[in-house]
Peer 1: 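Let me begin by handing over the structure; questions about it come next.
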Amino acid sequence: MIKVGVNLGKNSYEIRIGQNILPQIGLWLKERGFSGKTIIITDSNVRPLYAATLERSLIDAGFAVNTYEIPAGEEQKTLDTAGDLYHRLAESFAERSTLILALGGGVVGDLAGFVAATYMRGIPYIHVPTSLLAMVDSSIGGKTAVDYENLKNMVGAFYQPKMVITDVATLKTLPKVELSNGMGEVIKHAVIRNRNLFRYLRANMVKAMAYDLRVLEDIVIQNARIKAPVVSLDERETGGLRTLMNFGHTVGHAIEALYDFKLKHGQAVAVGMMAAAKISVHLRTFRQADVTVLEGVIRAAGLPVLLPDIFPAEQDKLIEFIKHDKKVLDGKIRFVLLKAIGEVYISNRVTPEIIREVLFSAKPTEDLRGGR
Ligand SMILES: NC(=O)c1ccc[n+]([C@@H]2O[C@H](COP(=O)([O-])OP(=O)(O)OC[C@H]3O[C@@H](n4cnc5c(N)ncnc54)[C@H](O)[C@@H]3O)[C@@H](O)[C@H]2O)c1
Ligand SMILES: [Zn+2]
């Protein structure tokens, strides 16, 4: 088991990563001084796979356990579901010291974290992420939220967990499309911060996508080591550092909005990263050879690299979405671009016209150089 610290003064916490560590959680929590009531919040897919192991571990360590299940899916990440959970917490006489365990993917994590942040003005919670996306991204950073009407993550709070316990062995049962989805953020972390991780991904993506747990564990550890310090330095996302985490997301978010969230976030971000890489070549700050390398890694992760790979492109609409992004100023978009793999910068030289060229062109990017 490996520990990675998130340093936030008195809100500091530890991420523990290993294989088959669910049975140890009860003891670890006892060692941390927790006792009494615990509530596991999980979803209908994850519960039958892992809830019993976690329950047993908590009971053996002397905790009382209640498990609340929500149906799986983003549609559940609402104030209504949060309301149901408050109701059940009150029914179970949950108190200030009751500990919530979020067992599941990012949906369970965001929702359970939001409930923990708001019930009785805040009760302690820990993340037990079971999807790759939750392990490398949503469980680290203390962002909790629910969707409101059709706006994603509209209502939420920054609220840090007491601990994150990541059992990589749970990935064995994660559907492949979800493994790819999480891999989008993994590739993003590597591209913006860590050339060595990128090299590792290039060499090991096939094994990772074949559920090699040793490789997946390495990947999860390296990602935690990238995201934890970013969160430590910039807890509430006010500074520029977390902005860099938006690499691939300007175009990615527009694609998601255009297709009404019918495609996976990781797929949209993959196309967004390719767009950002090609724009960087267009602006002559990044090498075409590196775009090709990036494309290979993205494809090996089972992710798309071009819009037509997923949907017929609706060019004008997409450009409109990008133009209406809140980061746009005077028709210019604050874009995270590449100097090299592992080195990004923020540019305001990207126009909608450039985006249109790189996003909808199936031609090699070199053809775009020197004019339109
Ligand atoms: N808080 C943050 O900083 C942050 C960051 C990124 C994303 N998010 C949020 O995370 C959510 C997406 O997370 P996600 O991709 O994990 O989605 P998810 O929670 O819906 O999980 C994906 C699917 O995999 C299933 N699943 C999870 N673990 C499994 C396992 N081990 N075995 C079998 N099935 C398993 C789930 O039941 C679900 O059907 C979105 O709501 C997004 O807004 C939050
Ligand atoms: Zn993302």
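Counting starts at 1 for both ligands and their atoms, in listed order. Quick caveat, the model's predicted, so the values are computed rather than measured. The figures that follow rest on heavy atoms only: side chains count, while hydrogens, waters and symmetry mates do not.
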Peer 1: For the Zn ion (ligand 2), report each protein N, O or S atom nearer than 2.8 Å, sorted by chain and then by residue number.
Peer 2: Glu185 OE2, His249 NE2, His265 NE2
Peer 1: Begin from the C-alpha positions of Gln222 and His189 and carry the test side-chain hydrogen bond (donor to acceptor under 3.5 Å, both in side chains) through to its verdict.
Peer 2: CA-CA 9 Å; Gln222 294 190 64; His189 284 152; over 6 Å; no
Peer 1: Identify, chain by chain and in numerical order, each protein residue with a heavy atom under 4.0 Å from an atom of ligand 1.
Peer 2: Asp43, Asn45, Val46, Leu49, Tyr50, Ala72, Glu74, Lys77, Gly105, Gly106, Val107, Asp110, Thr130, Ser131, Leu133, Asp137, Ser138, Lys143, Lys152, Asn153, Thr170, Thr173, Leu174, Pro175, Glu178, Asn181
Peer 1: Taking atom CZ as the centre, does Arg121 end up with more than 12 heavy-atom neighbours from other residues, nucleotides or ligands that are less than 6.0 angstrom away?
Peer 2: no
Peer 1: What do you reckon, is NZ of Lys162 surrounded by more than 12 foreign heavy atoms closer than 6.0 Å?
Peer 2: no
Peer 1: Check Glu357 with Lys278, please: is the shortest side-chain N to carboxylate O separation under 4.0 Å?
Peer 2: no
Peer 1: Under a 3.5 Å threshold, yes or no: a donor from one side chain and an acceptor from the other, between Thr118 and Tyr86?
Peer 2: yes
Peer 1: Who are the side-chain contact (heavy atoms from CB on, under 4.5 Å) partners of Ser139, not counting sequence neighbours?
Peer 2: His127, Pro129, Val164
Peer 1: According to side-chain contact (heavy atoms from CB on, under 4.5 Å), who are the partners of Thr98, at least two apart in sequence or on a separate chain?
Peer 2: Lys37, Ile39, Ala94, Glu95
Peer 1: Between Arg88 and Glu91, does at least one N-O distance fall below 4.0 Å, as a salt bridge requires?
Peer 2: no
Peer 1: Please assess Arg214 against Asp218 for the test salt bridge (Lys or Arg N to Asp or Glu O under 4.0 Å), listing each intermediate value before the final yes or no.
Peer 2: CA-CA 6 Å; Arg214 201 192 48 74; Asp218 272 355; 3.6 Å; yes
